[in-house]
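Worksheet: the structure to be examined is printed underneath.
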Amino acid sequence: MEKMIHVENLVKQYDRAKTPSVKGINFDVKEGEFFAFLGPNGAGKTTTISILTTTLSKTSGNVTIAGSDIDKEAKHVRENVGIIFQQPSLDPQLSAEENIRFHACLYGMYTYRPTFKMMPKEYRKRVLELAEIIGIQDALFKPIKKLSGGMQRKFEIIRSLIHTPKILFLDEPTQGLDAVSRRGLWDYLNTVRRENGTTVFLTTHYIDEAEHVDRVCIINQGLIAFNGTPDLMKQNLLKQEVILDSDNRLALTNELTAMGMNHRVEDHVIVPYQDITAQEIIAKLKTKLTLLKMQEPTLEDAYIEYLLRTGGETV
Ligand SMILES: Nc1ncnc2c1ncn2[C@@H]1O[C@H](COP(=O)(O)OP(=O)(O)OP(=O)(O)O)[C@@H](O)[C@H]1O
């Protein structure tokens, strides 16, 4: 599988800043991968994403995007990426379609024409197709300022996809959106990923949005603190527990003690385990159980635990 993003010893020192904001980080993102770049406020996410999308210069290091060097082949890089920034970047005075048209012409895809009807057939087809996928055809010709925040975000995504980028960079794309709009946006992005095989690089403070990504990379104080699958992150950090109970709780706890299993009694009997599976514990128990529950840690639990253990801020 081709490396879509390659980052090697990337350093960014802002003018007048005492220390670098990004301190020599390394990571790769494979073609088609859904990659979440997480970290607390000020960790270096926006700095990194801005460098990768050629909107900010780096201090040192090597970065290639879809095989193109970000310094030597910046134009190629821009042709291959779509970007959704933290702050909405649509022109509120223009209609949704006009925003898309300007963007497409800016990318050199088409020569500008003053009306939608005068644009080439291929452009019109693509815009209508993309609008249909999210079900917002009706809003296409309305002024952007009349649309809800969620709809505007969707239009930004359409706009960023108009040139069929290989990589979509999303910098906190759902910030400020309500739960329904967030869900709708993710359903749409998943459709795009499935249909186009687009590589997605996401930064978000909603850790649950990264629960189903292929890989999570945590940046903390300008350094990579973790890079691996969400499952690995949970396994590495969270103690696993099984929650049990019985009408004869004393018999149950006695049995656990006899088995040499550490446990504590809270609302129920909680049994932390390591080097053994929950199934093995349960198979050994003779006492009749009235409750059997696995503790299902979330990615957010693991993330907070990770930052606490590595001495980072959790905000
Ligand atoms: N233009 C700048 N000049 C000097 N320092 C900056 C500049 N932009 C960012 N920084 C500093 O660089 C560090 C990383 O900031 P960055 O915006 O990349 O973090 P972030 O992880 O995106 O944070 P957030 O989650 O709050 O958006 C911070 O300490 C920030 O204060």
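The residues of the chain are indexed from 1 along the displayed sequence. Counting starts at 1 for both ligands and their atoms, in listed order. What you are looking at is a predicted structure, and each value in this text was computed from that prediction instead of being measured.
Judged purely by atom type and a 3.5 angstrom limit, Lys234 has no side-chain atom pairing as donor or acceptor with the backbone of Thr229. Between the side chain of Asn99 and the backbone N or O of Asp91 there is at least one donor-acceptor pair closer than 3.5 Å.
The list of salt bridge (Lys or Arg N to Asp or Glu O under 4.0 Å) pairs with a residue in residues 44-57, not counting sequence neighbours, is empty.
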I'd like a table of donor-acceptor pairs (distance under 3.5 Å, sequence neighbours excluded) in which one partner is a side-chain atom from residues 253-260, with atom names and distances.
unit_1, atom_1, unit_2, atom_2, d
Thr253, OG1, Arg249, O, 3.2
Thr253, OG1, Leu250, O, 3.0
Asn254, ND2, Leu250, O, 3.4
Glu255, OE1, Lys286, N, 3.3
Glu255, OE1, Thr287, N, 3.1
Glu255, OE1, Thr287, OG1, 2.5
Glu255, OE2, Lys286, N, 2.5
Thr257, OG1, Thr253, O, 2.8

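In this structure, Lys12 forms a cation-pi arrangement with Tyr14, its terminal cationic atom sitting closer than 6.0 Å to the ring centre and no more than 45° off the ring axis.
Closer than 4.0 angstrom to ligand 1 lie heavy atoms from Tyr14, Ser21, Pro40, Asn41, Gly42, Ala43, Gly44, Lys45, Thr46, Thr47, Gln86, Glu172, His205.
Partners of Thr54 according to the side-chain hydrogen bond (donor to acceptor under 3.5 Å, both in side chains) rule, which considers only residues two or more places apart in sequence or in another chain, are Arg78.
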